[in-house]
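First comes the structure, then the notes that go with it.
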Amino acid sequence: MRASQLARGEDPGVVDAILAADERRRSSLGQFEALRGEQKAVSKAVGAAMGAFQKAKKSGADNVAELETAATAARERAAELSDRVKALEATAGHADDDLDTLMRKVGNVIVDGVPSGGEDDYIVLETIGTPRDFTAEGFEPRDHLELGERLGAIDMERGAKVAGARFYFLTGVGARLELALLNMAVAQAVENGFTPMITPTVARPDVIVGAGFMDAHAEEVYHLQTDDLYLTGTSEVALAGYHADEIIDLTDGPKRYAGWSACYRREAGSHGKDTRGIIRVHQFHKVEMFVYCRPEDAADEHQRLLDWEREMLAKVEVPYRIIDTAAGDLGSPAARKFDCEAWVPTQSRYRELTSTSNCTTFQARRLNTRERVPADLGIGSGTRAVATLNGTLATTRWIVAILENHQQPDGSVLVPSALRPFLGLDVLTPIG
RNA sequence: GGAGGCGUCGCAUAGUGGCCUAGUGCGCCCGCCUGCUAAGCGGGUUGGGGUUGAGACCCCUCGCGGGUUCAAAUCCCGCCGCCUCCGCCA
């Protein structure tokens with residue numbers, strides 16, 4: 001845990017504070033429980049004494065006065081105990097809260113092999129495909145917004161008029177292109193055994209917190225103050241909350257869901273960054289894979305999610321690379337994260353199209369999603385937290401890579417063949 | 001938006017301040033009996049936390065959180081969810 005904190009560039013001293021808080025919690029809880037036991041016994045004696053007194057009173061027995069004295073005496077002893085129990089209960093409660101607060105400060109423990117450091121310390125695992133040489137082809141590539149406007153596919157100006165900066169309309173073939181892309185993603189997910197889901201795009205505070213989005217992402221999340229609800233930045237939030245407070249059955253393998261949703265992000269702190277086009281926007285749509293599996297299977301499942309992302313990227317035929325994100329850039333729920341970044345010709349660099357995270361038991365612990373401990377593991381009985389993982393299958397941003405990488409000198413765009421059945425067009429042609 | 005009702009063990013229900021250590025039925029699991037099946041008999045059957053070498057023991061948990069009380073499933077307040085009726089509206 002200390003090593004993990006260091007790799008993330010965070011304070012390892014928190015770990016010692018947690019151990020101390022846990023010790024305080026145990027001892028105060030022990031004291032409280034002992035006295036509570038005593039109080040229960042005494043209180044029960046009061047009940048018995050009162051019962052005997054009432055009975056005697058009714059039947060007019062001789063020892064009524066005697067019994068009344070006994071009952072009153074017992075009651076006074078119980079009253080005295082009650083105050084002490086309350087004080088101890090409060091102490092134990094505070095110790096528990098302190099521990100909880102400290103625990104929430106710590107990000108997930110990273111998987112062995114994750115590179116240390118920050119945003120720029122990623123490792124490139126693989127590069128797939130070769131960027132086109134537009135110089136050799138003899139024309140200057142247009143960026144996705146210029147292409148989109150010529151095609152009648154993207155309208156940023158009216159988006160800003162209606163909803164402000166970083167909002168947009170997808171129009172005509174643009175709207176059809178996004179629907180085709182997302183439908184292709186859902187179709188692939190279903191083929192691979194996922195259950196498709198259309199999710200709520202608002203969530204209660206406890207779900208947002210449980211999914212880990214109030215830590216580093218807090219500033220990114222829209223809040224609906226009147227109703228104390230949050231707009232979700234990904235269907236991951238809703239799908240993580242889906243099995244909250246449940247004991248689920250994973251004996252037949254992982255539970256795999258493919259969430260389709262609108263996603264909302266405030267993009268606070270990114271003023272001036274990617275202001276052109278639809279690379280960085282406040283609202284977009286996404287098909288997201290989300291998996292519940294056993295902790296032992298999480299690393300393998302993570303590779304499978306990456307493979308399914310690669311399957312999707314192959315279908316749109318864009319060059320991309322895969323990176324292993326460094327610890328400091330993981331976000332607190334993730335123990336490991338692989339991003340697939342597509343080549344954007346007009347920026348001469350790779351930009352993120354997908355991201356898959358192994359959150360191990362981090363989200364499940366907070367959202368209380370458990371399974372019964374399988375007997376064959378030989379680690380006792382009871383329940384334990386499951387592992388959760390997520391990965392992108394397609395988003396609105398993919399349109400950027402598709403338009404730019406498949407553009408022709410005349411401003412038209414060839415539709416990748418896998419996408420044609422979903423779109424019903426082989427080529428997008430400029431209007432007017 | 002207004003009015004009312006409800007939330008108890010996997011399911012169904014009893015319980016309206018102390019003989020509740022939450023009863024009963026069904027389901028499920030283990031065992032017994034019975035030469036099929038069925039029935040019958042006995043035991044077990046929420047989850048969390050703590051003490052412990054072990055076996056075991058203790059504390060919390062009646063939708064959730066507070067409060068009243070010596071004592072709360074039971075009384076009071078807030079929240080969540082479900083249902084019924086009325087109103088309004090894409």
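Heavy-atom basis, side chains included; hydrogens, waters and symmetry copies ignored. What you see is a predicted model, and the numbers here were worked out from it, not measured in a lab. Protein chains get the first letters and strands the later ones, always in sequence-line order, with residue 1 at the start of each.
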Quick one: A:Arg372 CZ to B:C29 C1', roughly how many Å, whole number? 13 Å

Between P of B:C60 and CG of A:Leu29, the distance in whole Å: 11 Å

Looking at A:Arg26, does any N or O in its side chain come under 4.0 Å of the phosphate oxygens OP1/OP2 on B:G49? no

Across all strands shown, which nucleotide pairs with B:A56 by Watson-Crick or G-U wobble geometry, both distances under 3.5 Å? B:U51

Heavy-atom nearest nucleotide on RNA chain B taken for A:Ile247 and for A:Ala34; more 5' hit belongs to A:Ile247

Taking the nucleotide of RNA chain B with the closest heavy atom to each, which residue, A:Gly30 or A:Arg370, is nearer the 5' end? A:Arg370

Go ahead and name the base partner of B:C19; Watson-Crick or wobble counts if both distances stay under 3.5 Å, otherwise write none. none

What is the distance, rounded to the nearest whole Å, between atom CD of A:Gln31 and atom C1' of B:U51? 14 Å

Would you say a side-chain N or O of A:Arg25 is under 4.0 Å from OP1 or OP2 of B:G49? no

When the P atoms of B:C82 and B:G66 are compared, how many Å lie between them, rounded to an integer? 23 Å

Scanning all shown strands, the Watson-Crick or wobble mate of B:U84 with both distances under 3.5 Å is B:A3

side-chain contact (heavy atoms from CB on, under 4.5 Å) with A:Leu389: of A:Cys359, A:Pro254, A:Cys293, only one passes, and it is A:Cys293

Looking only at atom C1', what distance separates B:A71 and B:G17, rounded to whole Å? 8 Å

Whole-angstrom distance between B:G25 and B:G42, as gauged at atom P: 11 Å

From the options B:G49, B:G47, B:C59, select the nucleotide whose nearest atom is closest to the side chain of A:Phe32. B:C59

May I ask you to test the A:Ile154-A:His144 pair for a side-chain heavy-atom distance under 4.5 Å? yes

Is a salt bridge present between A:Lys161 and A:Glu157, judged by a nitrogen-to-oxygen distance below 4.0 Å? no

Donor-acceptor check, side chain of A:Thr369 to backbone of A:His243, threshold 3.5 angstrom: yes or no? yes

Mutual orientation of the aromatic rings belonging to A:Tyr230 and A:His223 [parallel < 30°, tilted 30-60°, perpendicular > 60°]: parallel

Once you round it to whole Å, what is the distance between P of B:G48 and CG of A:Asp245? 12 Å

How close or far is atom P of B:G49 from atom CD of A:Glu89, stated in whole angstroms? 18 Å

Neighbour count >12 (heavy atoms, 6.0 Å) for atom CZ, A:Arg158: no

So, does A:His282 use its side chain to make a donor-acceptor pair with the main chain of A:Arg265 at under 3.5 Å? yes

If I pick the C1' atom on B:C86 and the same atom on B:G47, what distance separates them, to the nearest angstrom? 41 Å

Please report the distance separating the P of B:A14 from the corresponding atom of B:C75, rounded so that it comes out in whole Å. 15 Å

A:Arg36, nearest nucleotide to its side chain (from B:G47, B:C60, B:U51): B:C60

In this structure, are over 12 heavy atoms from other groups packed under 6.0 Å from A:Asp16 atom CG? yes

Roughly how many Å is it from CG in A:Asn368 to P in B:C64, rounded to a whole number? 13 Å

The correct set of residues in residues 93-104 of chain A placing a heavy atom under 4.0 Å from RNA chain B is none

Which whole number of Å gives the distance between the C1' atom of B:G4 and that of B:C70? 37 Å

Beyond-backbone contact of A:Glu301 with A:Arg294, side-chain heavy atoms, under 4.5 angstrom: no

Side chains of A:Leu367 and A:Thr388 in contact at under 4.5 Å (non-hydrogen atoms): no

Taking B:U51 as the reference, what is the distance to B:U46 when you measure between their P atoms (whole Å, please)? 23 Å

Partner lookup for B:A39, please. Criteria are Watson-Crick or G-U wobble with both distances under 3.5 angstrom; report none if nothing qualifies. none

Specify the separation, in whole Å, of atom CD of A:Glu38 and atom C1' of B:C60. 18 Å

Rounded to the nearest angstrom, tell me the gap between atom CG in A:Asp22 and atom P in B:G49. 12 Å

If I pick the P atom on B:G67 and the same atom on B:A73, what distance separates them, to the nearest angstrom? 15 Å

Check whether the side chains of A:Thr234 and A:Lys286 place a donor and an acceptor atom closer than 3.5 Å, and report yes or no. yes

Below 3.5 Å between N/O atoms, which protein atoms pair up with nucleotides 77-82 of chain B? Just atom names and distances, please.
residue, atom, partner, partner atom, Å
B:C80, O3', A:Arg204, NH2, 2.8
B:G81, OP1, A:Arg204, NH2, 2.9

So which nucleotide does B:C11 pair with, by the Watson-Crick or G-U wobble rule with both distances under 3.5 Å? B:G25

